[in-house]
2 protein chains.
Amino acid sequence: MLKLTKKADYGLMALKYLAEHPETPALSAKDVADAYGIPPQLLAKVLQRLTKTGLLRSHAGMNGGYALARDAREISAFEVIHAIDGPFFITSCTKGTKSCELTPSCTIKEPLARVNETIAGVLKSISIHDLAEREHPAGKSGEHQGLVELTL
Amino acid sequence: MLKLTKKADYGLMALKYLAEHPETPALSAKDVADAYGIPPQLLAKVLQRLTKTGLLRSHAGMNGGYALARDAREISAFEVIHAIDGPFFITSCTKGTKSCELTPSCTIKEPLARVNETIAGVLKSISIHDLAEREHPAGKSGEHQGLVELTL
DNA sequence: AAATATCCGACTTCCCAGGTCCGATTTCAG
DNA sequence: CTGAAATCGGACCTGGGAAGTCGGATATTT
């Protein structure tokens with residue numbers, strides 16, 4: 001149904017939360033989990049993964065926790081999702097680099113690959129900072145115009 | 001992982017196939033299934049569903065089968081996917097009409113809803129006819145420019 | 001040394017996409 | 001009018017992956 005996993009959701013939520021608290025040097029997985037009512041152990045794994053891919057920096061021990069490795073503006077939603085869920089493809093046939101194994105007739109995937117890239121482009125254009133933007137004041141404070149081109 | 005179901009894939013492939021054979025009055029599910037190496041019974045269900053939603057017209061009995069209910073240009077990929085997989089949402093939290101049940105704090109879903117609509121827009125701009133376009137002659141025969149606007 | 005963290009692999013549970021089976025109905029051909 | 005070929009539609013089975021849990025090892029501060 002074209003939805004991303006909860007882990008990816010959690011990851012985005014966590015990064016957003018971190019972006020909203022730049023004053024604190026580090027926030028523990030439990031802190032974030034409590035803030036959102038997320039299973040702590042699961043969130044922990046997600047954050048570990050994000051650390052491994054270089055989006056977060058971690059610090060063990062007391063008063064340890066996680067912090068953004070870069071400016072929130074420099075982290076895209078795409079990176080987060082990719083780090084957690086791995087490379088995503090719209091078409092269910094394409095697995096990794098291989099094309100449709102036994103059905104070379106699947107000419108559908110070609111145009112859908114364009115769609116896939118378009119979506120990736122949209123996701124890449126959204127940064128954590130955009131997500132953390134203070135509650136949409138029903139106005140145009142942080143509005144941002146992105147233009148996505150689609151060529152079939 | 002943000003992929004659409006095989007059923008949706010099958011549906012798109014089938015519609016494309018029908019669009020490529022406008023001469024024949026009707027093609028059976030088995031015909032299409034054989035052409036792509038798809039499980040016939042499964043494809044049958046998909047086609048039944050598409051019939052139910054008005055994208056296809058069916059005819060039982062000998063020499064029966066399915067045919068496009070409208071011109072291929074008038075059927076969007078979005079309609080097909082929606083008919084098969086139901087309404088799709090990027091966020092895993094949103095279920096139907098309800099928002100995140102116990103976590104009103106999930107402020108993530110709001111910006112992602114925009115992304116969701118953007119994707120829907122892309123899918124809506126693609127017709128079955130576009131998919132059936134004769135094998136991309138590496139040229140610009142059937143090229144089509146779609147422009148998708150994204151506002152955060 | 002005790003408390004608080006991250007770290008990481010293994011494990012369980014549960015849901016659903018993917019696929020199958022079968023029976024009923026409709027339609028046409030000979 | 002009978003049988004073949006098709007759609008229709010429900011019930012069912014199954015494997016794999018998402019979601020979550022457990023436990024232990026390691027790091028760091030007080």
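Letters go in sequence order (proteins before strands), and every chain restarts at 1.
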- Message: The criterion is side chain to side chain donor-acceptor pair (under 3.5 Å); which residues satisfy it with B/N116, sequence neighbours excluded?
- Response: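 By the side chain to side chain donor-acceptor pair (under 3.5 Å) rule, B/N116 matches no residue at all.
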- Task: Taking side chain to side chain donor-acceptor pair (under 3.5 Å) as the test, write out the residues that go with B/D34, two or more places apart.
- Result: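 Applying side chain to side chain donor-acceptor pair (under 3.5 Å) to B/D34 gives B/K30.
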- With Watson-Crick and G-U wobble geometry limited to distances under 3.5 Å, how should the secondary structure of DNA chain C be encoded in dot-bracket form, using | for bases paired to another strand and [ ] for crossing pairs? ||||||||||||||||||||||||||||||
Rounded interatomic separation in angstrom, taking [atom1] from [X] and [atom2] from [N]:
X	N	atom1	atom2	result
A/D34	C/dT4	CG	P	14 Å
B/Q41	D/dT7	CD	C1'	13 Å
B/L42	C/dC16	CG	P	18 Å
B/L43	C/dG18	CG	P	13 Å
A/K30	C/dA5	NZ	P	8 Å
B/M62	D/dA6	CE	P	7 Å

- Query: Checking all strands, does A/A26 fall into the base, sugar-phosphate, or nothing category for heavy-atom contacts under 4.0 angstrom?
  - Reply: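 Nothing, no nucleic acid heavy atom in range.
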- Query: Looking at residues 44-54 of chain B, who's got a heavy atom less than 4.0 Å off DNA chain C?
  - Reply: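 Within residues 44-54 of chain B, the residues near DNA chain C are B/K45.
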- Item | Residues forming a side-chain contact (heavy atoms from CB on, under 4.5 Å) with A/A26, sequence neighbours excluded |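 Applying side-chain contact (heavy atoms from CB on, under 4.5 Å) to A/A26 gives none.
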- Item | pair A/S127-A/D130: side-chain heavy atoms closer than 4.5 Å |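 Counting from C-beta outward, A/S127 and A/D130 do come under 4.5 Å.
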- Task: Output all residues satisfying ring pair (Phe, Tyr, Trp, His ring centres under 6.0 Å) with A/H82, sequence neighbours left out; order by chain, then residue number.
- Result: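 So A/H82 forms a ring pair (Phe, Tyr, Trp, His ring centres under 6.0 Å) with A/F78.
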- Task: Among A/I75, A/I128, A/L27, find the one that has a side chain to side chain contact (heavy atoms under 4.5 Å, CB included) with A/L18.
- Result: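 With A/L18 as partner, side chain to side chain contact (heavy atoms under 4.5 Å, CB included) holds for just one option, A/L27.
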